[in-house]
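Side-chain atoms are counted along with the backbone in the values below, which use heavy atoms only and exclude waters and symmetry mates.
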Amino acid sequence: MKKILLILSGLILISCEQEISDDEKLARLYVDMVMAREKYIHSDSLYTIEKEKVLEQHKTTEEEYFSSLRELKYEDERWKEFFMKAKTYVDTLEKHNKKRK
């Protein structure tokens with residue numbers, strides 16, 4: 001749980017990258033949504049609030065988010081790359097949180 005909270009605090013991390021692909025943006029949104037779910041697993045109402053914050057931060061809607069994920073599942077190579085991008089983002093958040101300690 002502590003690890004999850006540390007990663008969640010990294011959600012405010014602002015990327016310095018010049019160009020981010022749509023799949024990378026989706027991977028970051030995916031990670032942020034999973035982290036929100038994990039943080040508020042015992043409270044649907046708090047999760048709903050956090051989910052809306054995440055979607056707003058990523059300037060998207062829940063419908064667009066799920067539509068984009070559905071689109072990925074039909075392309076095996078792109079799906080694998082998506083999860084690698086998500087893992088890289090999690091690693092970046094963890095590294096950022098370690099530096100803050």
Side-chain angles (χ1 to χ4, degrees):
M1 184 67 175
K2 184 177 178 181
K3 184 177 180 180
I4 291 171
L5 292 176
L6 287 173
I7 293 171
L8 284 172
S9 67
L11 293 177
I12 61 171
L13 177 67
I14 298 174
S15 174
C16 297
E17 298 171 68
Q18 301 270 357
E19 180 99 13
I20 301 174
S21 71
D22 287 342
D23 283 354
E24 187 159 348
K25 289 177 186 176
L26 181 60
R28 290 178 180 201
L29 171 57
Y30 174 80
V31 169
D32 291 347
M33 292 290 277
V34 169
M35 296 298 180
R37 179 73 258 173
E38 287 296 316
K39 183 176 182 182
Y40 296 109
I41 196 160
H42 299 291
S43 174
D44 287 338
S45 60
L46 290 176
Y47 167 66
T48 299
I49 293 167
E50 186 67 18
K51 175 180 67 173
E52 291 304 318
K53 287 180 187 177
V54 169
L55 291 167
E56 185 177 313
Q57 176 186 7
H58 287 272
K59 296 175 177 58
T60 193
T61 66
E62 191 169 16
E63 293 78 22
E64 291 171 334
Y65 168 64
F66 284 117
S67 175
S68 295
L69 286 178
R70 278 191 300 273
E71 206 176 282
L72 275 178
K73 74 178 182 180
Y74 297 109
E75 300 179 45
D76 288 341
E77 194 57 38
R78 192 169 158 216
W79 188 250
K80 290 175 191 173
E81 290 173 15
F82 167 80
F83 277 104
M84 289 305 297
K85 289 174 182 176
K87 182 184 179 327
T88 298
Y89 180 53
V90 169
D91 293 344
T92 300
L93 293 175
E94 287 178 337
K95 188 182 288 185
H96 178 74
N97 284 321
K98 285 181 185 177
K99 286 182 183 179
R100 296 177 86 198
K101 284 187 167 184

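Hydrophobic clustering, with ILVMFWY side chains joined whenever heavy atoms are under 4.5 angstrom apart, groups Met33 together with Leu46. Criterion: ILVMFWY side-chain heavy atoms under 4.5 Å apart, direct or through other members. Under it, Val90 and Met84 are not part of a common hydrophobic cluster. Hydrophobic cluster membership differs between Val34 and Ile41, with clusters built from Ile, Leu, Val, Met, Phe, Trp and Tyr side chains linked at under 4.5 angstrom.
More than 12 heavy-atom neighbours from other residues, nucleotides or ligands sit within 6.0 angstrom of CZ on Phe82.
The pair Asp23-Arg28 does not count as a salt bridge, with every side-chain nitrogen at least 4.0 angstrom from each carboxylate oxygen. Contact check on Lys95 versus Asp91 returns no salt bridge, with no Lys/Arg side-chain nitrogen under 4.0 Å from an Asp/Glu carboxylate oxygen.
Taken from CG in Leu93 to OG1 in Thr88, the straight-line distance is 11.0 Å, to the nearest 0.5 Å. Taking CD from Gln57 and CD from Glu50, the interatomic distance works out to 9.0 Å, rounded to the nearest 0.5 Å. The CG atom of Leu29 lies 12.5 Å from the CD atom of Glu24; values are rounded to the nearest 0.5 Å.
Applying the salt bridge (charged side-chain N to carboxylate O under 4.0 Å, His left out) rule to Lys53 yields no partners; only residues at least two apart in sequence or on another chain are considered. By the salt bridge (charged side-chain N to carboxylate O under 4.0 Å, His left out) test, Lys51 pairs with Glu62, sequence neighbours left out.
Between Ala86 and Ala27, the shortest heavy-atom contact is N-CB, 3.7 Å.
Within the structure, the ring pair (Phe, Tyr, Trp, His ring centres under 6.0 Å) test picks out no pair touching residues 34-60 (sequence neighbours left out).
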Which pairs of donor and acceptor atoms, one on a side chain in residues 64-77, lie under 3.5 Å apart (sequence neighbours left out)?
| unit_1 | atom_1 | unit_2 | atom_2 | d |
| --- | --- | --- | --- | --- |
| Glu64 | OE1 | Thr60 | OG1 | 2.7 |
| Glu64 | OE1 | Thr61 | N | 3.1 |
| Ser68 | OG | Glu64 | O | 3.0 |
| Glu75 | OE2 | Arg78 | NH1 | 3.2 |

